[in-house]
**Student:** 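Here it is, the structure, as structure tokens.
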Amino acid sequence: MMNKDERFEAHWRSPSNIALIKYWGKKKNQIPQNPSISFTLQDAYTQTRVVCERSGSSNNAVSLYLDNELNEDFGVRIAKLLFSWKKTFKHVYNAGIEIHTHNSFPHSTGIASSASGMSALVKCIISLEIAMGGDKELGAVESVSSFARLASGSACRSVIPYWGLWGNTEGIEGSNDFYAVGVEGLDDRFKAYHDDVIIISSEKKSVSSSAGHRLMVGNRYAASRYKQARHHMSELLLAMKLYDLDRFCEIVEQEAMELHALMMCSSPSYILLKPKTLEAIDRIREMRRESGIPVCFTLDAGPNIHLLYPDEYKEKLSLFIEEQLRPLAVDGRIINDHVGAGPMAIRGSFETKD
Ligand code: DP6
């Protein structure tokens, strides 16, 4: 953090995450219909720098540069958000902000830039507010996660190292619908899990996540989906405690397929899977069946495959990935990532970094 005269600057990185139990459907104020849990990624992150100039008169302006280019649409979205937070972040709101942001991963590749982007931005805004005289309590991890949730639901999980659980969950002390928490007692080997993203298509998504959540209102399967997600959550946590990878693979894949099934049967209906996504799924399942290697996939709200597997199988899977999955990827593109603490995890009280 730099504080020269009345110029303040905050600079943060925040990771993306990939959900194992999916958040799909929400109530007012970004309250999820069911709990979700995700792996925090290590190399897929957003790096954001926010500059604030305090002057005598209030400014309230927001300008946002994505990779050095002014992005008005995104700027307007952030201005609205900051306006809704103007009481809490009064110093920042009054000064106005200039945001410079960059993602470590390409656009439209099945890695959630809203999770990393919104959590990085929230960290910056909170740092600035504290530096300008605001309440230090805003920097508590619960508060950071909570503001990230308001910006984009899944972003609240990105401030938790390795895996973040968001939503009231039976048996998980402290779990709640407002901010994400870590989960103790899961097998440490998941901390070294791989997530290779097979880019089946890099076209822009035909339905935004926000529109997708809205489609759950009126979906005739909604109530049973929320029940099923809760059931999956308790089964998954047990599988992760016992390191039961067969069960882990089964639940994670069911979650991915349910997410897409819900989109297919909502009105209007969306099919985000591509023929090559289905081909990849077939090949992954066949590989698992034939080799006994516990490799599985999950999907975001898009066609790209997140291939999940334990570190110990990295060598054994490399030929399979090269020969069977890379040919399905657009321009052979695969992004190799893994579970991590995130490039700048927050622990305990909020510390600002340059
Ligand atoms: C399919 O968090 O992007 O990735 O709260 O409207 O910003 P908003 O939605 P968002 O939804 C993520 C949906 C998902 C599943 C998940 O990450 O849990």
Side-chain angles (χ1 to χ4, degrees), residues 14-41 44 46 73-74 77-78 80-81 84 103 105 107-122 145-160 163-167 169 175 177-180 195 197 204-217 219 222 225-226 228-230 232-233 236 251-264 266 270-273 277 297-306 308 339:
S14 193
S16 186
N17 67 68
I18 179 69
L20 304 170
I21 302 292
K22 308 291 181 184
Y23 149 57
W24 199 244
K26 60 178 160 182
K27 305 176 203 165
K28 259 194 177 161
N29 288 329
Q30 300 277 96
I31 299 300
Q33 289 280 9
N34 62 263
S36 58
I37 186 169
S38 55
F39 278 149
T40 302
L41 299 178
T46 298
D73 291 352
F74 198 8
R77 189 172 157 200
I78 303 305
K80 279 190 192 148
L81 197 63
S84 70
N103 295 328
F105 50 91
H107 201 56
S108 298
T109 46
I111 297 177
S113 57
S114 68
S116 54
M118 289 305 188
S119 52
L121 181 68
V122 161
S145 178
S146 191
F147 282 104
R149 176 197 105 238
L150 292 169
S152 175
S154 55
C156 76
R157 298 184 309 237
S158 274
V159 305
I160 309 292
W163 42 78
L165 180 147
W166 168 39
T169 306
S175 63
D177 289 344
F178 306 99
Y179 55 85
D195 177 10
V197 190
K204 203 174 166 323
K205 287 195 285 191
S206 53
V207 58
S208 70
S209 294
S210 300
H213 289 288
R214 278 198 297 276
L215 289 174
M216 285 302 283
V217 180
N219 184 312
R225 158 64 196 160
Y226 303 143
Q228 179 69 358
R230 281 174 203 283
H232 276 163
M233 177 66 92
L236 184 83
I251 300 164
V252 165
E253 291 191 357
Q254 267 170 13
E255 275 291 306
M257 298 317 273
E258 270 181 32
L259 170 70
H260 283 266
L262 287 165
M263 280 186 265
M264 286 185 221
S266 54
Y270 290 94
I271 303 179
L272 302 187
L273 303 176
T277 314
F297 68 86
T298 188
L299 299 155
D300 217 332
N304 299 324
I305 297 271
H306 287 252
L308 302 175
V339 175

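Any value given below was found using the heavy atoms of this structure, including those in side chains, with hydrogens, waters and symmetry copies removed. One-based numbering, in listed order, for ligands and for the atoms of each. Computed from a predicted model, the values in this text were never measured in an experiment.
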**Student:** For ligand 1, note which part of A19 has a heavy atom under 4.0 Å away: side chain, backbone, both or neither.
**Tutor:** side chain
**Student:** Checking a contact table here: which protein heavy atom is nearest atom 1 (C) of ligand 1, and how many Å away?
**Tutor:** D300 OD1, 3.5 Å
**Student:** Is it true that the side chains of R157 and T40 contain a donor and an acceptor less than 3.5 Å apart?
**Tutor:** no
**Student:** Tell me whether G153 has any N or O atom under 3.5 angstrom from an N or O of ligand 1.
**Tutor:** yes
**Student:** Could you tell me which non-hydrogen atom of L41 sits nearest to which non-hydrogen atom of P15, and how far apart they are?
**Tutor:**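 Taking L41 first and P15 second, the nearest heavy atoms are O-CB, 3.1 Å.
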**Student:** Just distances here: any N/O of Q30 and N/O of ligand 1 closer than 3.5 Å?
**Tutor:** yes
**Student:** Among all protein non-hydrogen atoms, which one is nearest to atom 15 (C) of ligand 1, and what is the separation to 0.1 Å?
**Tutor:**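 The protein heavy atom lying closest is Y23 O, 3.4 Å.
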**Student:** Hey, looking at atom 2 (O) of ligand 1, which of A229, G212, S154 has the closest heavy atom?
**Tutor:** S154
**Student:** State the atoms of ligand 1, each with its element, that fall below the 4.0 Å cut-off from a heavy-atom position in K26.
**Tutor:** 5 (O), 6 (O), 8 (P)
**Student:** Under a 4.0 angstrom heavy-atom cut-off, which atoms of ligand 1 come close to R157?
**Tutor:**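 By the 4.0 Å cutoff, the relevant atoms are 16 (C), 17 (O), 18 (O).
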**Student:** Between the main-chain N or O of Y179 and the side-chain N or O of R149, is there a donor-acceptor pair closer than 3.5 Å?
**Tutor:**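 No.
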**Student:** Should the pair W166 and Y23 be assigned to parallel (<30°), tilted (30 to 60°) or perpendicular (>60°) ring geometry?
**Tutor:** perpendicular
**Student:** Under 3.5 Å between some N or O of ligand 1 and some N or O of K22?
**Tutor:**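 Such a contact does not occur with ligand 1.
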**Student:** Tell me the contacting part of S152 for ligand 1: side chain, backbone, both, or neither, using a 4.0 Å heavy-atom threshold, strictly below.
**Tutor:** both
**Student:** Classify the side-chain pair N103/T46 by whether it contains a donor and acceptor separated by less than 3.5 Å.
**Tutor:** yes
**Student:** If you count the atoms of ligand 1 from 1 in the order shown, which ones are under 4.0 Å from a heavy atom of S114?
**Tutor:** 3 (O)
**Student:** Does a donor on one side chain and an acceptor on the other come within less than 3.5 Å for S116 and S16?
**Tutor:** no
**Student:** Using distance alone, with no hydrogens and no angle criterion, decide if T298 and K22 have a side-chain donor and acceptor under 3.5 Å apart.
**Tutor:** yes
**Student:** Just by distance, do the side chain of T169 and the backbone of G167 share a donor-acceptor pair under 3.5 Å?
**Tutor:** yes
